Amino acid sequence: MQFFALLSRNTQKFGDADFAPLLPPESEQRKTLYAQGAARQIWNRGDVPGTGIMFEAADEKEVRGHLATLPLIEAGMMDIAAIVPLNPYPGFGPKR
């Protein structure tokens, strides 16, 4: 099943200097999740500092487990705004 996780940086409590040392390990862990097939696509948000990640997982608990491995989440510097389960769109099904 696919899930969309919407994350936002906690810029109320942390500044750019706080984020800087964690960005390289954050990038590496995202690459690891992608290489494992857990993260299917990763975007930077255009509205606020943050990320959108499409996950392939059995359930929300598994998604949360993957997110917990991200250094910015571990440090409390990135908040999980939403985890949305996605269902296939039926409009492209077989024609009758």
Side-chain angles (χ1 to χ4, degrees):
M1 183 170 189
Q2 291 190 325
F3 292 83
F4 186 72
L6 191 59
L7 311 174
S8 58
R9 284 189 183 187
N10 189 342
T11 57
Q12 300 296 333
K13 293 182 182 177
F14 303 98
D16 290 343
D18 299 313
F19 288 101
L22 290 179
L23 295 180
E26 177 80 10
S27 176
E28 287 304 311
Q29 182 57 22
R30 290 177 184 206
K31 289 176 191 175
T32 298
L33 291 173
Y34 184 83
Q36 293 171 344
R40 292 303 201 84
Q41 296 178 326
I42 303 172
W43 299 271
N44 285 329
R45 291 181 60 171
D47 57 344
V48 298
T51 301
I53 304 176
M54 182 74 67
F55 281 100
E56 190 73 39
D59 53 31
E60 183 177 326
K61 182 179 178 181
E62 185 178 346
V63 174
R64 288 187 180 277
H66 292 310
L67 290 171
T69 68
L70 296 174
L72 291 177
I73 295 282
E74 289 178 318
M77 299 171 79
M78 182 86 80
D79 298 322
I80 302 169
I83 297 175
V84 181
L86 301 173
N87 295 315
Y89 175 66
F92 296 122
K95 295 181 182 180
R96 298 179 203 227

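None of the values given here were measured: they were computed from a predicted structure. Heavy-atom basis, side chains included; hydrogens, waters and symmetry copies ignored.
In this structure, the separation between CZ on Phe3 and CG on Asp59 is 6.0 Å, given to the nearest 0.5 Å. A distance of 7.0 Å separates CG in Asp47 from CG in Leu6, rounded to the nearest 0.5 Å. Taking CG from Leu86 and CD from Gln2, the interatomic distance works out to 6.5 Å, rounded to the nearest 0.5 Å. Atoms CG and OG, from Leu72 and Ser8 in turn, are 11.5 Å apart once rounded to the nearest 0.5 Å. The distance from the CG atom of Leu7 to the CG atom of Leu67 is 5.5 Å, given to the nearest 0.5 Å. For the atom pair CZ of Arg40 and CE of Met54, the computed distance is 9.5 Å after rounding to the nearest 0.5 Å.
Other residues sharing the hydrophobic cluster of Tyr34, ordered by chain and number and joined by side-chain separations under 4.5 Å: none, the residue standing alone.
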*Chi angles and distances behind the side chain to side chain donor-acceptor pair (under 3.5 Å) call for Arg30, Thr51*: CA-CA 11 Å; Arg30 290 177 184 206; Thr51 301; 2.9 Å; yes
_Test log, rule side chain to side chain contact (heavy atoms under 4.5 Å, CB included), inputs Met77 and Asp18_ = CA-CA 9 Å; Met77 299 171 79; Asp18 299 313; 3.5 Å; yes
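Taking hydrophobic clusters as Ile, Leu, Val, Met, Phe, Trp and Tyr residues chained together by side-chain heavy-atom distances below 4.5 Å, Leu22 shares a cluster with Phe14. One hydrophobic cluster holds both Val84 and Trp43 under the rule that ILVMFWY side chains link at heavy-atom gaps under 4.5 Å.
Closest approach of Ala39 to Ile53, counting heavy atoms only: CB-CG2, 3.9 Å. Here the closest heavy-atom approach between residue Ile73 and residue Ala68 is recorded as CG2-CA, 4.2 Å.
For the pair Arg9 and Phe19, the cation-pi criterion (under 6.0 Å, within 45° of the ring axis) is fulfilled.
The backbone N or O of Leu70 lies less than 3.5 Å from no partner atom in the side chain of Gln29, so there is not a single donor-acceptor pair. Checking side-chain atoms of Thr32 against main-chain N and O of Glu28 turns up a donor-acceptor pair under 3.5 Å.
For residues 70-92, there are no side chain to side chain donor-acceptor pair (under 3.5 Å) pairs, not counting sequence neighbours.
Inter-residue side-chain proximity for Arg64 and Ile83 is flagged as met; some heavy-atom pair is nearer than 4.5 Å. Looking at Met1 and Pro85, their side chains come closer than 4.5 Å, going by heavy atoms from C-beta outward. Asn10 is not listed as a side-chain neighbour of Met78, based on a closest heavy-atom distance of 4.5 Å or more.
Classification of the His66-Phe55 ring pair by plane angle, with boundaries at 30° and 60°, yields parallel.
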